[in-house]
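The structure under discussion appears below in the form of structure tokens.
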Number of protein chains: 2
Amino acid sequence: MIAVPTRCIDCAVRDVALCASMSDDELRALSDMGRRRVLPAGQVVSWAGEPSSSCASVVSGALKATASTADGREQIVGLLFPGDFVGQPFQDDASLTVTTLVATDLCIYPRAGFEHVVDDHPRMERLLLERTLASLSQARGRMLSLARRSAKERVAGFLLELADHTGESGPDGIRVRIPISRGDLADYLGLTIETVSRQLTLLKASGVLGVARGGRDCTIRDRARLEGVAGPQ
Amino acid sequence: MIAVPTRCIDCAVRDVALCASMSDDELRALSDMGRRRVLPAGQVVSWAGEPSSSCASVVSGALKATASTADGREQIVGLLFPGDFVGQPFQDDASLTVTTLVATDLCIYPRAGFEHVVDDHPRMERLLLERTLASLSQARGRMLSLARRSAKERVAGFLLELADHTGESGPDGIRVRIPISRGDLADYLGLTIETVSRQLTLLKASGVLGVARGGRDCTIRDRARLEGVAGPQ
DNA sequence: CGAACTGTTGAAGTTGATCAAGTCCGGTGG
DNA sequence: CCACCGGACTTGATCAACTTCAACAGTTCG
């Protein structure tokens with residue numbers, strides 16, 4: 001871990017993270033408490049079952065939040081990107097394991113102190129509430145996908161989400177980079193590695209998708225057809 | 001719909017619904033706005049896609065919140081019981097369809113007015129935040145189940161949840177009443193009616209579960225064994 | 001009684017998981 | 001530079017679980 005002393009005002013996510021709800025002056029309370037840390041890929045930030053002692057904002061990088069059964073079956077219940085909030089305030093034990101997927105820069109607050117700031121800053125509390133409601137909506141949408149959509153629909157839907165979120169239009173379609181490994185993608189979509197791989201191969205074979213070597217960089221060549229594969233909605 | 005004029009102070013869920021966060025005096029604001037309505041079973045309270053114009057507290061009865069694909073596949077993403085909050089504040093369009101499962105008594109507020117009350121009552125906002133965080137945790141647990149647990153585990157797990165929530169110990173085990181139809185249970189567990197029925201039959205055959213005629217009233221004869229079937233956690 | 005539901009059971013069909021080889025690729029060291 | 005190694009990904013064959021389709025039984029209520 002490397003400490004990264006920085007002023008909040010200069011922070012890359014000053015306007016998108018929860019801090020966006022606070023004036024520069026108000027930020028002092030958070031700022032004094034927050035500790036910037038750069039973690040390498042694959043580092044566990046919080047273990048399910050352990051006391052949840054801190055919260056954080058993602059400044060750069062990416063993380064996964066996983067729930068798992070006692071016998072090791074795993075499900076990624078959320079992916080976290082810059083500006084997202086990490087942690088479970090008002091809850092004594094963490095129910096999720098949070099792990100960095102790539103080198104990740106976090107702004108970490110002690111949970112108790114963070115809760116205190118929330119107490120004192122209604123606008124931040126409101127923002128947290130709205131974000132939590134949005135996460136809940138998203139989680140419910142994913143419940144529907146996990147329970148009712150086919151493997152093909154899930155994979156296609158994921159690519160479309162990526163396209164909407166980080167896609168860049170290139171010469172022969174929309175270029176997207178799958179930000180996680182096949183294994184993590186399988187854990188996210190509720191499938192196995194093999195099934196994910198096969199579905200991507202099918203999309204490639206049908207000409208809808210181009211997959212560059214390495215398997216991470218893709219080109220959506222025919223969005224309309226991909227939407228057809230993804231099924232309704 | 002039948003109007004049920006009542007004073008909040010006498011309300012059955014005065015101490016468990018969101019109103020528990022408010023003093024008797026403060027309740028006046030909500031009280032003036034709230035409208036009690038008794039709806040029959042099978043009534044849609046809010047349609048996915050339509051503007052979400054109201055919120056409510058469940059006073060008695062039960063409802064289901066469903067998400068569905070455009071081609072009609074359905075998933076129940078939440079069951080709602082007395083004291084629970086219904087609705088999606090701070091969101092203009094409903095993403096879920098909410099339907100009564102049995103005759104249900106609701107205390108309905110116009111959404112705008114409700115949001116206003118939340119603005120003015122930090123304790124209510126905090127309670128709403130905590131409940132939303134709890135719902136999110138629950139939704140994530142269900143994502144894990146829907147994606148990774150077998151039909152057998154889901155059915156057994158559901159019965160155990162019921163036992164913990166509403167079970168009464170009887171002479172030959174824990175008596176539980178399945179509060180919904182096989183169809184709704186299937187929609188909740190992410191299975192088909194037939195699979196749910198078969199799993200219940202298997203549990204009955206193995207002596208773990210007693211099922212009375214009608215199929216709704218069950219007796220968990222061997223909780224330990226049922227927990228074994230439900231799998232880890 | 002009989003109609004309409006709701007639930008159960010059976011047989012066949014699919015989907016995706018599992019098991020088992022491969023292949024591709026980046027990195028290391030001879 | 002190339003051989004080798006290990007991890008990530010792909011592909012193939014088989015298998016089990018769950019769905020689908022279809023018929024039947026039980027319950028409720030006119």
Side-chain angles (χ1 to χ4, degrees), chain A residues 41-42 64 69 71-75 101-102 145-159 177-206 209-218 229-231, chain B residues 40-42 64 69 71-75 101-102 144-159 177-206 209-218 229-231:
Chain A
K64 61 176 176 177
T69 61
D71 63 350
R73 284 171 284 177
E74 222 175 73
Q75 177 61 36
L101 293 167
V102 297
S145 290
L146 292 171
R148 301 297 181 187
R149 288 200 221 273
S150 69
K152 187 182 313 234
E153 290 172 321
R154 292 184 219 180
V155 171
F158 177 78
L159 289 170
R177 182 173 171 75
I178 298 175
I180 53 180
S181 71
R182 291 289 185 276
D184 282 329
L185 187 46
D187 281 347
Y188 184 71
L189 296 175
L191 300 168
T192 58
I193 293 180
E194 294 95 325
T195 300
V196 169
S197 178
R198 276 185 248 271
Q199 294 303 330
L200 287 170
T201 302
L202 288 175
L203 288 173
K204 191 166 69 173
S206 71
L209 191 73
V211 182
R213 77 171 41 145
R216 295 292 190 91
D217 289 298
C218 303
V229 173
Chain B
K64 61 176 176 179
T69 61
D71 63 350
R73 284 171 284 177
E74 223 175 72
Q75 178 61 37
L101 292 166
V102 297
L144 175 62
S145 289
L146 292 171
R148 301 296 179 188
R149 287 201 221 273
S150 69
K152 189 181 312 237
E153 290 172 321
R154 292 184 219 178
V155 170
F158 177 78
L159 289 169
R177 181 175 172 76
I178 298 175
I180 53 181
S181 70
R182 291 291 185 273
D184 283 328
L185 187 46
D187 282 348
Y188 184 72
L189 296 176
L191 301 168
T192 58
I193 292 180
E194 294 93 326
T195 301
V196 170
S197 179
R198 277 185 247 271
Q199 293 304 330
L200 287 170
T201 302
L202 287 175
L203 288 173
K204 192 166 69 172
S206 70
L209 191 72
V211 181
R213 79 167 43 139
R216 297 289 191 92
D217 289 299
C218 303
V229 173

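First the proteins, then the strands, lettered A, B, ... as listed; each starts at 1.
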Separation of D:dA8 P from A:I193 CD1 (nearest whole Å):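 Spelled out: CD1 on A:I193 to P on D:dA8 is 9 Å.
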
Nearest-angstrom distance from the residue atom NZ of B:K204 to P of D:dG26: 11 Å

Pairwise 5' ranking along DNA chain C for B:R148 and B:I180, keeping only the more 5' one: B:I180

So if I take every side-chain heavy atom of [X] and compare against [options], which nucleotide ends up nearest?
| X | options | answer |
| --- | --- | --- |
| B:R198 | D:dT20, C:dC25, D:dC18 | D:dT20 |
| A:A151 | C:dG16, D:dT11, C:dT8 | C:dG16 |
| B:Q199 | C:dC25, C:dA17, D:dC18 | D:dC18 |
| B:T192 | D:dT19, C:dT18, C:dG16 | D:dT19 |

Does [N] have OP1 or OP2 under 4.0 Å away from a side-chain N or O of [X]?
| X | N | result |
| --- | --- | --- |
| A:R182 | D:dG7 | no |
| B:T195 | D:dC18 | no |
| B:R216 | C:dG7 | yes |
| A:S197 | D:dT10 | yes |
| A:T201 | D:dT11 | yes |

C:dC19 base / A:E194 side chain donor-acceptor hit below 3.5 Å: yes

Taking every non-hydrogen atom, the tightest pair across B:C218 and B:V211: SG-CG2, 4.2 Å

Check ion pair A:R148-B:D187 (N to O, under 4.0 angstrom):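 Salt bridge between A:R148 and B:D187, a charged N being under 4.0 Å from a carboxylate O: yes.
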
Sugar-phosphate, base or nothing in reach of A:L200, heavy atoms under 4.0 Å: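 Answer is nothing: A:L200 stays at 4.0 Å or more from every strand.
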
Straight-line distance of B:L185 CG to B:L159 CG, nearest 0.5 Å: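 Interatomic distance, B:L185 CG to B:L159 CG, rounded to 0.5 Å: 8.0 Å.
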
Rounded distance (nearest 0.5 Å) linking atom OG of B:S145 with atom CG of A:L146: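 Atom-to-atom, B:S145:OG and A:L146:CG are 11.0 Å apart.
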
